[in-house]
Amino acid sequence: MFKAVKKDIIFNANKSFTGILDKDYEYFCNRISRLNINIESLKEKISSFNVALPSWGVGTGGTRFARFPGIGEPQNIFEKIEDCAVINDLVGITSSVSPHFPWDDVDDYPALRQFTESYGINFDIVNSNTFQDPAEIKGSFKYGSLTHIDQSVREQAVKMNIDCIEKGKALGSKGLTVWIADGGNFPGQQNFATSLDRYLSSMQLIYKKLPEDWMMLLEHKPYEPAFYSTVINDWGTSYICAKELGEKAMCLVDLGHHLPNTNIEMIVSRLIGLKKLGGFHFNDSKFGDDDLDSGSINPFELFLIFNELTNANKLGKLKNIAYMIDQSHNVTDPIESLILSSNEIINAYAKSLLVDYESLRDAQNCNDIIKSSQILKEAYSIDVNPLCQMIRREKEHAIDPINVYRSLNYKENKSKVRKDSGGSSSGIV
Ligand code: RM4
Ligand code: MN
Ligand code: MN
């Protein structure tokens with residue numbers, strides 16, 4: 001750690017915020033002294049939280065129409081790791097990276113692992129991409145991958161996922177997330193039943209190759225790029241498939257992969273109850289899979305999701321959840337966006353730790369609706385920034401990470417040594 005951003009830079013920047021933070025933190029401590037919460041155990045829980053950064057999230061994304069690359073953009077996984085290390089040195093809760101293959105392919109995986117670990121970063125769940133045609137593939141994924149009508153294309157997609165497992169093993173990863181773009185754009189295009197059968201048969205072949213201590217995360221999405229039907233369209237379908245596949249198969253909830261107004265926190269609760277919640281892709285959205293910064297549109301929803309997680313955890317019902325961010329930034333510097341997202345996520349988690357769950361249960365049990373919602377709002381309305389800032393300061397991270405990042409002129413400096421990504425083609429990376 002602190003290879004990407006030197007400790008003394010952070011330390012010096014922190015000096016100018018110390019006085020204000022001390023006052024804010026004192027106010028926070030006074031405020032929560034009314035809640036019967038042990039501040040040290042609160043700090044410990046927050047300090048041990050980690051959310052993985054998406055390797056693809058540090059590049060500037062595009063829309064269907066254009067991509068406007070920023071300066072000094074990372075061009076390969078090594079440069080992406082450097083950017084992720086900058087974020088982690090500043091915020092301290094993002095010490096892992098979730099890679100995407102074949103986007104992040106390299107010749108020497110042990111060398112990549114060593115390079116990454118030298119920054120205090122390790123590899124989280126690996127993601128497979130069968131939504132594009134890789135260079136050397138025979139056949140095409142245009143009409144599907146794991147569910148394609150043609151067996152040889154399905155085999156190719158299965159093989160790519162198995163290759164991902166191999167790459168992940170070399171990198172020290174412990175899981176594979178499978179999201180497929182398969183689906184239909186027109187009524188009649190696809191047989192719903194047989195395409196789901198083909199999905200399961202393909203996934204079974206991948207599942208067989210999972211190492212003992214790995215998990216496989218199934219990611220659903222209601223539409224896009226297929227706009228009429230998607231094979232793994234919702235959490236119910238995802239659950240049924242995970243159940244069918246076996247114990248190591250779990251469901252992943254990407255916050256943007258729900259139709260508008262869906263009660264995502266309830267889905268989280270259901271999946272916990274069914275023992276099939278495996279992970280998250282955090283982001284936020286207004287309309288669909290917008291991939292906006294976490295908590296940028298609906299921070300209350302993010303809090304309500306953490307509220308389900310914390311409540312379940314207190315009841316001993318939660319284990320091994322993979323937290324990842326999945327965002328694509330079109331008009332911001334991705335590093336700044338990811339810093340803000342990590343902050344929103346930790347704030348939402350911290351607020352959920354302030355909820356008085358016993359009183360909430362009592363209020364629910366006597367149908368006291370106003371009291372129930374007041375209990376949640378009380379925790380939500382407490383400003384936890386001073387707490388999270390104090391934790392960062394104590395761990396030698398930045399009190400104000402955006403401020404320190406801007407003072408580095410990082411992208412400008414990188415633009416002198418990194419290749420220009422050029423072009424304005426559309427697409428995610
Ligand atoms: C998808 C989905 C996947 C991500 C790709 C880039 O919509 O969210 O998790 O790997 O986008
Ligand atoms: Mn996702
Ligand atoms: Mn998505």
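Counting convention: from 1, in listed order, for ligands and their atoms alike. We use all heavy atoms of the structure for the numbers below, so side chains are in, but hydrogens, waters and symmetry mates are not.
On a distance-only criterion, Asp326 and ligand 1 share at least one N/O pair closer than 3.5 Å. Ligand 1 has no nitrogen or oxygen under 3.5 angstrom from a nitrogen or oxygen of Trp179.
Using a 4.0 Å cut-off to heavy atoms of Asp289, the atoms of ligand 1 that qualify are 7 (O). The Asp254 neighbourhood of ligand 1 comprises atoms 8 (O), with distances under 4.0 Å to a heavy atom of that residue. When each atom of ligand 1 is checked for a heavy atom of His281 under 4.0 Å away, the hits are 9 (O). Of all the atoms in ligand 1, the ones that sit under 4.0 Å from a non-hydrogen atom of His257 are 2 (C), 7 (O), 8 (O).
Heavy atoms of Asn129 found under 4.0 angstrom from ligand 1: none, in either backbone or side chain.
Aromatic ring orientation, His148 versus Tyr143: tilted (interplanar angle from 30° to 60°). Between Phe282 and Phe280, the ring-plane angle classifies as parallel under the 30° and 60° cut-offs.
Sorting the N, O or S atoms of Asp326 by how far they are from the Mn ion (ligand 2) puts OD2 first. Taking the Mn ion (ligand 3) as reference, Asp289 places its N/O/S atom OD2 nearest.
Note on His257: counted as a metal contact of the Mn ion (ligand 3), an N/O/S atom lying under 2.8 Å. Under 2.8 Å from the Mn ion (ligand 3) lies no N/O/S atom of Asp254, from backbone or side chain alike.
Proximity of the aromatic rings of Phe2 and His397 is defined here by a centroid distance below 6.0 angstrom, and this criterion is met. Taking the six-membered ring for Trp and the full ring otherwise, Phe227 and Phe186 have centroids separated by 6.0 Å or more.
When rounded to 10 degrees, the angle formed at the Mn ion (ligand 2) by OE2 (Glu219) and ND1 (His281) equals 100°.
Remark: the Asn127 side chain and the His100 side chain contain no N/O donor-acceptor pair separated by less than 3.5 Å.
Heavy-atom distances between Glu224 and ligand 1 stay at or above 4.0 Å for every pair. Look at Asn127 and you'll find every heavy atom at least 4.0 Å from all atoms of ligand 1.
At a threshold of 4.0 Å, the pair Glu378-Lys351 does not count as salt-bridged, since none of the basic side-chain nitrogens sits closer than that to a carboxylate oxygen. A salt bridge does not link Glu73 to Lys411: none of the charged side-chain nitrogens sits closer than 4.0 Å to a carboxylate oxygen.
Each of Ser337, Ser296, Ser294 was checked for a side chain to side chain donor-acceptor pair (under 3.5 Å) with Gln327, and the lone residue meeting it is Ser294.
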Determine, step by step, whether Trp179 and Tyr199 satisfy the ring-ring contact (aromatic ring centres under 6.0 Å, His included) criterion, reporting the C-alpha distance in whole Å, the side-chain angles of both residues, the deciding distance to 0.1 Å, and the verdict. CA-CA 11 Å; Trp179 173 72; Tyr199 172 81; over 10 Å; no

